[in-house]
Amino acid sequence: MRSLLITGISGLLGGHFCRHEKAGWQLWGTYHHHPVMTPYVKALPLDLTTPESIHAVWQQVHPDAVIHTAALSKAGICQQQPEHSHQINVAGTLALAQRCAQAEIPFIFTSTDLVFDGTAAPYSESDRPNPVNTYGEHKALAEAQILACYPAATICRLPLLLGAATATAQSFVQPLLQAIATQTSQTLFIDEIRTPAAVSDVVQGLYLILDQGVTGIWHLGGCQRLNRYELGLLIADSFQVSPASLRPGQQSEVNLTTPRPPDVSLNSQKAFALGYRPQPLEQALAAIAHTTA
């Protein structure tokens with residue numbers, strides 16, 4: 001069997017890779033702070049800031065392909081700790097890409113819609129990144145450096161992900177429901193627009209990219225454009241809870257320490273033509289509600 005290395009299995013996306021086997025592949029997964037136990041994936045520790053740690057994982061796995069989901073993904077922390085963000089999101093990523101280039105194996109890097117400034121949506125793969133915060137800046141820098149050192153690599157820009165919680169990670173859904181349950185007032189921006197997708201669909205999209213052997217840049221956004229408030233109402237409706245504590249607002253009303261782009265909705269027609277099929281959000285959220293009931 002071929003070996004597939006999936007980094008970041010303690011995160012939401014990586015964690016959902018651990019829920020099923022993949023025919024023809026032995027799955028290996030890496031975590032940093034939070035060990036993961038799964039019957040489908042052999043788990044290993046990895047510190048992306050330490051070359052010795054990367055080397056140790058590489059020597060044990062000898063991968064035939066890599067899907068790199070590990071990241072410092074909390075934009076606020078990246079804004080506060082830019083050097084640490086660069087170590088993980090740029091330098092660590094590039095180290096993995098270089099190893100894949102030397103081995104001539106597939107390298108799939110999960111980037112973000114936040115590489116865009118939000119002023120010219122919906123964005124296609126050919127649109128020029130222009131991030132407004134450190135997280136987006138480092139993801140865009142990683143994209144450029146990956147393709148410079150390994151033109152046969154694959155960049156997959158992802159939207160806001162929705163899904164059932166794993167043992168070590170949550171999506172946007174769970175904190176929202178917890179706040180509703182405690183009747184904590186929440187302001188959700190009407191001027192922050194995304195194309196959310198179910199994390200389970202994105203996993204299948206990434207596997208589609210791997211199976212098809214395509215390279216270059218791909219967008220794996222969902223099929224609906226929603227602002228945060230609309231999404232909050234949809235989640236409340238799907239879980240049959242009251243949206244009374246949700247309040248529509250605008251970014252200008254809040255003193256944001258981390259800038260946010262207004263509209264980074266993705267045009268994913270290229271991936272749709274390949275066979276990527278994200279569910280309508282109503283259907284995806286109903287499935288999440290059923291899973292967590």
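Starting from 1, each residue takes its place in the sequence as its number.
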Handout entry: pair Leu13-Val203: side-chain heavy atoms closer than 4.5 Å
Key = yes
Handout entry: Test: Glu143 and Arg157 ion pair at under 4.0 Å
Key = yes
Handout entry: CG-CG distance between Leu233 and Leu176, expressed to the nearest 0.5 angstrom
Key = 9.5 Å
Handout entry: Asp191/Arg260 ion pair, N-O < 4.0 Å
Key = no
Exercise for the section: Test side-chain contact (heavy atoms from CB on, under 4.5 Å) on Trp58 and Leu96 and set out the steps. Expected result: CA-CA 9 Å; Trp58 205 265; Leu96 287 175; 4.3 Å; yes
Handout entry: Side-chain H-bond candidate by donor/acceptor type, Arg225 with Ser265, under 3.5 Å
Key = yes
Problem - Basic-acidic side-chain contact under 4.0 Å: Asp113, Arg194 - result: yes
Exercise for the section: Taking the six-membered ring for Trp and the single ring otherwise, decide whether the centroids of Phe17 and Tyr207 are under 6.0 Å apart. Expected result: yes
Exercise for the section: Say whether Thr187 and Arg247, considering side chains only, have a donor N or O and an acceptor N or O under 3.5 Å apart. Expected result: yes
Exercise for the section: Using distance alone, with no hydrogens and no angle criterion, decide if Gln79 and Asn133 have a side-chain donor and acceptor under 3.5 Å apart. Expected result: no
Practice task
Determine whether Arg228 and Phe172 make a side-chain contact, defined as any pair of heavy atoms from C-beta on separated by less than 4.5 Å.
Solution key: yes
Handout entry: Student check: side-chain heavy atoms of Ile180 and Leu246 closer than 4.5 Å
Key = yes
Exercise for the section: Check whether any side-chain heavy atom of Pro196 lies under 4.5 Å from a side-chain heavy atom of Leu231, and answer yes or no. Expected result: yes
Exercise for the section: Classify the angle between the aromatic ring planes of Phe116 and His219 as parallel (below 30°), tilted (30 to 60°) or perpendicular (above 60°). Expected result: perpendicular
Practice task
Classify the side-chain pair Thr93/His68 by whether it contains a donor and acceptor separated by less than 3.5 Å.
Solution key: yes
Exercise for the section: Enter the distance from Asp127:CG to Asn267:CG here, rounded to the nearest 0.5 Å. Expected result: 8.5 Å
Problem - Where Ala97 and Phe107 come nearest, the two heavy atoms and their spacing - result: CB-CE2, 3.7 Å
